[in-house]
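Only one structure is covered here, and it is reproduced in the block below.
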Amino acid sequence: MAVQPPPPSRTGSVGPASAGGMNTPTAGTPVSQGPGAGSNQNLNQIVLEYLSKKGYSRTEAMLRRESGNVTFDANGQPITFDDKFKGRRWHEAYNVVKVWVDSILDIYKSELTRILWPLFVHCFIETIADCFPGEGRFFFNECRKPFDDEHSDDLRELSNIQEPEHVQQNDIAQLYRTNKYRLTLSKMGFATLIEFLETKEGEGGKSINFLINNHLDVRTVDRAAIGGARGLQRLMEEKQGDEQAPAEDEGIPGHHPGSANLNPDATGALHRLQLAPLPMEVDLMDDVKAELSHEDSSRPPRQGRSTLVEQFEQRIKVEPSDDTAPSRDSIPFPPSTARDVAMEVQKVKENRDRFRIEGKTGGVGPGVSVTMFTFHNTFDSVNCIEFSDDNTLAAIGTAESSAGLPSFIITTTYRAFGPVYALSFSPSAAIPAPPTNGHTDHPTSPDSHPRYMLSSSADTTIRLWSLDTWTNLVVYRSHNSPVWDVRFCPHGHYFASASADRTARLWSTPQIAPLRIFAGHDSDVETVAWHPNGAYVFTGAGVGDKTIRMWSIAQGTQARIFTGHAGNITAIACAPNGHVVASADDKGVIILWDLRTGRLVKRMRGHGAGGIWSLDWSVESTVLVSGGADNSVRVWDVQPSKETHPKVNGENGGVAKIDGATANGGAAAGKVAKAKGREQSTADMISDFKTKKSPVYKVRFTQMNLVVAGGAYLP
Amino acid sequence: MSVWNPENVTDVAESIGIASLNRDVVEHLARDVEYRMSQVLNEALKFMRHGKRTTLTTQDVSQALRLLDVEPLYGYESIRPLRFGEASIGPGQPLFYVEDEEVDFEKLINAPLPKVPREMSFTAHWLAVEGVQPSIPQNPLTDPRSAELAAKGSSANSTLAAVSGNDNVTVKPLVKHVLSKELQLYFERICGAILDEGNDEYRSAAFASLRTDTGLHQLIPYFVQFVADKVTHNLKSIFILSQSMQLLAALLDNQSLYLAPYVPGIVPSILTCLVGKHLGNPAIDGATTHFALRDYSASLLSKIAKQYGPSSSTLKPRIARSCLKHFLDSHKPFGTHYGAVLGLTMIAGAQGVRALILPSLKTYDLHLQEGMKDDGKREQADYVVQAILRGLQTLQEDAVITATSNGHPESDALKERLVEAVGEVVGGRLYDSGRQGLINAVLEKDTTV
């Protein structure tokens, strides 16, 4: 457990006394203060006492604040920086630390490097706030280099701050100023840092110390004791792989890994999650069972296949696990209809007849089939593509304010107002037409087409469209910024939306006002996803926040928070088994998170920069598929890997993992690794299918484990 | 200092009637303008990202302005990127403006309507089937090997490089090919044995092994390369050339080998031996030994054509074309012509002879006559004539002659007709041979064609 060390006092000896050998007398720390300092201190004391006696509390507070700003040197003289320092004060201070960190022992280097970013931001902001635009700009350009990769978005936002009032107005600057940047260091590392800062007191150590005290929340851990993710071994490994990724608990919201509790003193207690599938309604279950047994008797399964009823029983069987299921009372749904029964039956059927993907066996990845739908003549105006669950409809949202449905039969264009950013179909299942050649006394199955479609747009509205009448039914207004994403609950009825107003909202279709407002993100909520049991919603945020948060529908509270992405979150998908969630960012990284423990499972690299627009899981939750702006659909193995450092896929290791028969895929992977020296794929990429100049906007696993991908051809 | 020029602020201030503005204020405002612009751009980038685009459009900017509660700029809506013009209003003072054409209404109304943009549509294809990407036009070219080969083109051909002298080009193999120690040893021994002029027994043993042994698949490319190498470097040695041909023949004989993929690599070597300009050293081997080699090569070629012609539609036409080219080139020596005629006869058969050789015999006759006159060349020319005769013989075998020897024309007239058809030298020989069927077959051309 991280224990906050006694906050180092601004003057005097700092650093844990236990750090043996650190307090060498030669360090030159001013252990005793000169008589001048003493008298000055006394004077302040007298005045303060006087003020408090007289009841001038505000003046007293002011004096305290003012006197805090004045720093004294060893002789008690207020330190006034030389003229040559002036605006370069922070720059110098930062440089001192930077040079020191660069030359420090390797075991501390990787963790202490992480402290440079918040220091850089604060030094820059302080310089600007001190009204030195020129120097600030110079400092920024001089020192931004090491952060270009990881913090490019933040850098872009910060780069144009030039005046103190910009500091007040800039989101990122305010974020850093008003929050404490959390960072975990090992005890020794932190002690070394503090000691160093003391020796350099006059040359900026004091300024840095001030920043650390005021704007950073440094946690110290005993590296040897904690082992695991922060162990020495791990640190060295990371260094080998040149891993430059933020730790799980680093950053502005700064939470205890696996907990959503932002209170810095909170223990790491985890909110208990209900991850089991939503139980079925009793009536519905009976109906479905009856239907299935009827089906079984009229069309008995082939040899070796289980009957539909068996399949169904297996599916709804409550596994003896510590997962609890959310109760139906907490998430009320409208009563089920004949359509629901038909859909459930079809789901069971599809589940039985699906193409099974059993995960990576014997080093050979499963062969996944992908159908690609390519849209032509789009002129880059397509914002999103969505496929319905019954695989009969595809919808596109375009920049020209329309959502089109280019299906085989119908081409209708809906007019909305402003670019459409997301679409979502209500749940449906593909029910084949009943066979006509056989004698069936089967009543015609209720139409299972998706009934509704949602669209979200830049005009801050969400619209519900009927697919029966092809008209707009409802306009949901509540967001006050463009709505970036909207998604139907896996069971229908409810939907969640994500907006640039930094909130996500939960709605139900019959009500025009949101049921819940999920507030907490520090920047735009870029994407939203549902837990398969419909009891939780995941949201991912962009620049400045970069967290993924998990919200409980029933309580409306934050159940989990995941930090670790370096770019904007572009896609989230929760595994059908309900235990793992995958998130992707526009830097080409996919991260898997374990919901129960709230910890990072692994990072997967391989996609080029530019955004992974869509993720989806296979029915068995064994394989993840992703599609992105780098014109590729990739298939990933989700088993937690022992191997953490990335490996170039073109070499024998990577290719050997790919089946000899998939020479095409393997060769393509090799080419990627060759073509862009920096772009490495982790070994868990099973295959990489390149499209022809078509960014992939949407990938989806059908119930039968076929991948459907959609993209626009951009010659 | 800032990107935004403070002068602009002064200009604007003057335009609204503020004459003097403190320098500090101007700079401050300039910096502020710059910050605001970057703010708008950052917001616009957000819209671009959600539009899943990589180009920023004017629409993104107006959306961003709307989000920031600023009146958007109207009149810049365009899908295409705006074109900026540059004009100079003084030394070092460029002025940028949006290029905006003046539109003449008259013209616009009378102009034909622009093409309607195509309707948005979609197509479906298999991006991958069970983990393998099918090579269909909708999928990108995935095999880097073929791409590399295409890029290198002819410069990668080591044989050509060898001819041009720089044969020490090391071609890095694209695929690591592991050859067992035994096979390597076998290869060395075979090569050594074949080129061993003194030991006939050894040599024939080697050929026998090549003819019958199974499991030589891995060595085929090496043998093909070996032959190509030997042929290009040893044009002067009939022995090596004929041994190389025999090696190929032995490989072709081997029932357990599948040579189809290597045929394109084999054919050039054989063609070299067939129509090469100067094969062997006349001083040592004698002036006519090379004809035997040419005969052998021709038979080898016909064998390949017979065996692999059906599987490769372009194989026969390609060989026939190059043979014909050599035949029609009168600057080539008779040896080449001999080979070319042989090749054509073998490859193209009777139809080929009729269609390709017969029509050009008349013109070729002049060349032959010249050769006959020259003592040095007579022998060679004679070979060619014999080859032609042999070719014409196939016509006889092929021809279906309904009325044989039904009324002989006058012998002189017949000879004249022959000379008319195939030239003096060949015609004379034909006539002298006195084979009525052959003559008829040759002359049939006149009646049928």
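Below, read A as the first sequence line, B as the second, and so on, with proteins coming before strands; counting in each chain starts at 1.
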For the interface with chain B, which of [options] has the highest count of heavy-atom pairs at distances below 4.5 Å?
| options | value |
| --- | --- |
| A:Val707, A:Asn568, A:Asp586 | A:Asn568 |
| A:Glu526, A:Glu157, A:Met372 | A:Met372 |
| A:Gly710, A:Ser369, A:Ala629 | A:Ser369 |

Is the NZ or CZ atom of A:Lys698 positioned over A:Trp613's six-membered ring, under 6.0 angstrom from the centre and within 45° of the axis?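 Cation-pi check for A:Lys698 and A:Trp613: fails.
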
Selection residues 19-41 of chain B - residue pairs positive for ring-ring contact (aromatic ring centres under 6.0 Å, His included), sequence neighbours left out: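 Non-adjacent pairs meeting ring-ring contact (aromatic ring centres under 6.0 Å, His included): A:His166-B:Tyr35.
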
With sequence neighbours excluded, give me every ring-ring contact (aromatic ring centres under 6.0 Å, His included) pair touching residues 45-73 of chain B.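 Output for this query lists A:Trp484-B:Phe47, A:Trp484-B:His50.
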
[X] portion near chain B, given a 4.5 angstrom heavy-atom threshold:
| X | result |
| --- | --- |
| A:Leu714 | neither |
| A:Asn170 | both |
| A:Glu165 | side chain |

Report yes or no: does A:Asn160 contribute a side-chain atom to a donor-acceptor pair with the main-chain N or O of B:Glu34 at less than 3.5 Å?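 Pair absent, no side-chain N/O of A:Asn160 close to backbone of B:Glu34.
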
Going through the checks in order, is the side chain to side chain contact (heavy atoms under 4.5 Å, CB included) test met by B:Glu43 and B:Leu68? CA-CA 8 Å; B:Glu43 290 297 325; B:Leu68 292 170; 4.0 Å; yes

Which portion of B:Leu45 sits near chain A, non-hydrogen atoms under 4.5 angstrom: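 Just its side chain gets close to chain A.
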
Check each atom of B:Arg49 against the heavy atoms of chain A and say whether the ones under 4.5 Å are side chain, backbone, both or neither.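 B:Arg49 touches chain A through backbone and side-chain heavy atoms alike.
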
Ion pair present between B:Lys46 and B:Asp60, side-chain N to carboxylate O less than 4.0 angstrom?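 Judged by the 4.0 Å cut-off on N to carboxylate O distance, B:Lys46 and B:Asp60 do not form a salt bridge.
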
